[in-house]
Amino acid sequence: MPPIAPVPLEPNLPQTFYRGSGRLARFRGRELPDSPEDWVASCTTRFGSPVEGLSLLPDGTLLRDAVAADPVGWLGESGGIAPAVLVKLLDAGQRLPVHVHPDRDFAARYLHSPYGKTESWVVLDAAPDAEVFLGFAHDVSAAELTRWVAGQDVAAMLGAMNRIPVAAGDVLLCPAGVPHAIGAGVLVLEVQEPTDFSILLERHGFPVSEEAALLGLGEDLALSSVDRSGFDPQRLAGLRGGGRASVLPAAADPFFRVTRVGDGFTGQGYAVLVVAEGSGVVNADAGTVPVSRGSTLVVPHAAGRIRVDGAVRGFWCTAAG
């Protein structure tokens with residue numbers, strides 16, 4: 001099998017219902033349409049859409065089709081038929097609504113998917129007062145949650161959640177089922193399971209219908225996916241990254257891994273490479289690719305062992321395994 005070179009990717013900007021802050025365009029180093037999400041190396045579609053969200057290779061081929069035509073070349077012998085990870089750049093120009101993603105068991109039972117949507121955030125840029133909301137600070141009853149959602153009592157929802165100040169370099173894991181909201185002025189590298197399942201507990205002020213907010217599942221079933229247990233400081237600490245080969249906490253290992261990239265980094269196997277700072281080159285058997293801040297590359301398994309050289313800081317994103 002001939003080697004396949006790492007492939008630089010153009011921004012992939014599916015439309016969404018919230019606004020960006022301009023941080024994504026600055027990170028990418030170019031003018032971009034007003035879209036706050038860049039789905040990098042995506043073989044995943046928007047919920048309910050046959051094609052929106054899919055990434056194009058430079059020759060115009062959908063990455064999904066290229067992988068389907070040569071799954072071993074792209075993913076390796078044990079990689080399956082589609083990537084088990086999705087990488088995004090997400091630029092919150094306003095606070096996102098309080099929402100939750102179902103876990104694998106719920107997704108298999110009600111959404112016909114082997115994947116839920118556990119996700120992680122590597123903060124690339126943030127306003128001085130940036131914050132995220134992650135998990136309830138105390139146990140919340142089913143009746144309370146139903147009352148808040150039915151009445152769209154956003155103040156009560158946010159008041160019951162953990163408010164976490166964030167700055168560039170912070171890393172957090174958001175397990176499936178945990179309610180959360182990213183605050184305004186935050187640009188994150190989001191590494192997640194490859195689905196677009198979001199249940200919006202908050203929809204007031206956003207152009208989303210109740211049916212779409214609940215994935216068409218109905219309120220009772222949708223809300224049964226929510227982890228209503230409290231996250232005390234010790235439990236929250238377990239969701240913070242740092243100090244490991246993967247920058248993510250150990251709880252992320254069954255889903256995906258994110259490894260820091262610098263001068264001399266070597267890696268092998270299917271991955272998504274995002275360059276956060278600096279410039280340099282990615283060397284592989286099939287060729288050399290120059291990279292700089294804002295570059296995104298998809299690295300096929302058949303690229304073999306790659307090496308990064310230069311004053312580069314970035315992230316190597318892979319599925320579990």
Side-chain angles (χ1 to χ4, degrees), residues 8-42 55 85-99 119-134 162-174 180-192 236 239-243 246-249 252 256-263 265 271-280 291-298 308 310-317:
L9 297 171
E10 290 294 306
N12 172 33
L13 309 171
Q15 292 299 304
T16 190
F17 58 84
Y18 64 92
R19 63 179 182 271
S21 71
R23 285 177 168 79
L24 176 57
R26 292 195 292 275
F27 179 75
R28 279 295 217 162
R30 65 184 76 185
E31 291 187 8
L32 294 175
D34 185 20
S35 178
E37 294 186 4
D38 184 353
W39 292 27
V40 183
S42 172
S55 290
V85 64
L86 174 60
V87 175
K88 296 178 185 175
L89 296 167
L90 188 154
D91 173 21
Q94 64 185 118
R95 181 182 60 75
L96 273 59
V98 178
H99 63 291
E119 66 185 34
S120 59
W121 310 323
V122 178
V123 180
L124 300 175
D125 188 16
D129 57 350
E131 62 188 5
V132 300
F133 297 84
L134 183 58
N162 291 292
R163 175 190 172 275
I164 303 174
V166 293
D170 286 343
V171 178
L172 288 164
L173 177 69
C174 180
H180 59 280
I182 295 175
V186 182
L187 174 68
V188 299
L189 169 65
E190 182 175 288
V191 182
Q192 59 158 94
L236 281 177
L239 301 181
R240 290 189 177 273
S246 172
V247 304
L248 304 177
F256 36 68
R257 298 185 181 186
V258 179
T259 305
R260 294 192 191 279
V261 171
D263 184 29
F265 171 86
V272 176
L273 174 61
V274 177
V275 178
E277 295 291 346
S279 61
V291 294
S292 59
R293 182 178 187 265
S295 294
T296 57
L297 283 74
V298 58
V308 177
V312 172
R313 183 173 67 84
F315 300 97
W316 179 263
C317 310

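Index from 1, following the sequence. Values below: all heavy atoms of this structure, side chains included; hydrogens, waters and symmetry mates excluded.
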**Study point:** Heavy-atom pair of closest approach, residues Ala41 and Ser55
**Key:** N-OG, 3.3 Å
Point to revise | Check: Val258 main-chain N/O paired with Ser246 side-chain donor or acceptor under 3.5 Å | key: yes
Revision key, fill the gap. To the nearest 0.5 Å, atom CZ of Phe256 lies from atom CG of Leu248 at 6.5 Å
Check your understanding: Going through the distances and angles, do Arg313 and Phe315 end up as a side chain to side chain contact (heavy atoms under 4.5 Å, CB included)?
Key -> CA-CA 7 Å; Arg313 183 173 67 84; Phe315 300 97; 4.0 Å; yes
Exercise for review: Look at the side chain of Ser120 and the backbone N and O of Leu173, then say whether any donor-acceptor pair between them is shorter than 3.5 Å.
Suggested key: no
**Study point:** Residues in side-chain contact (heavy atoms from CB on, under 4.5 Å) contact with Arg293, at least two apart in sequence or another chain
**Key:** Phe27, Glu277
Just list the side-chain donor-acceptor pairs under 3.5 Å for residues 122-134, sequence neighbours left out, or say none.
from	atom 1	to	atom 2	distance (Å)
Asp125	OD2	Arg23	NE	3.3
Glu131	OE1	Arg163	NE	2.2
Glu131	OE1	Arg163	NH2	3.0

Exercise for review: Please check if the side chain of Thr296 supplies one atom and the backbone of Leu9 the other of a donor-acceptor pair under 3.5 Å.
Suggested key: yes
Review point. What distance do Gln94 atom CD and Ile182 atom CD1 have between them, rounded to the nearest 0.5 Å?
Key: 12.5 Å
**Study point:** Side-chain donor or acceptor of Asp263 paired with backbone N/O of Gly310 under 3.5 Å
**Key:** yes
Pairs of donor and acceptor atoms involving the side chains of residues 184-192, under 3.5 Å and at least two apart or interchain, shall be tabulated with distances.
from	atom 1	to	atom 2	distance (Å)
Gln192	OE1	Lys88	NZ	3.2
Gln192	NE2	Thr195	O	2.9

Point to revise | Working for side chain to side chain contact (heavy atoms under 4.5 Å, CB included), residues Asn12 and Ser42 | key: CA-CA 8 Å; Asn12 172 33; Ser42 172; 4.1 Å; yes
Point to revise | Leu32 side chain near Asp38 side chain, heavy-atom distance below 4.5 Å | key: no
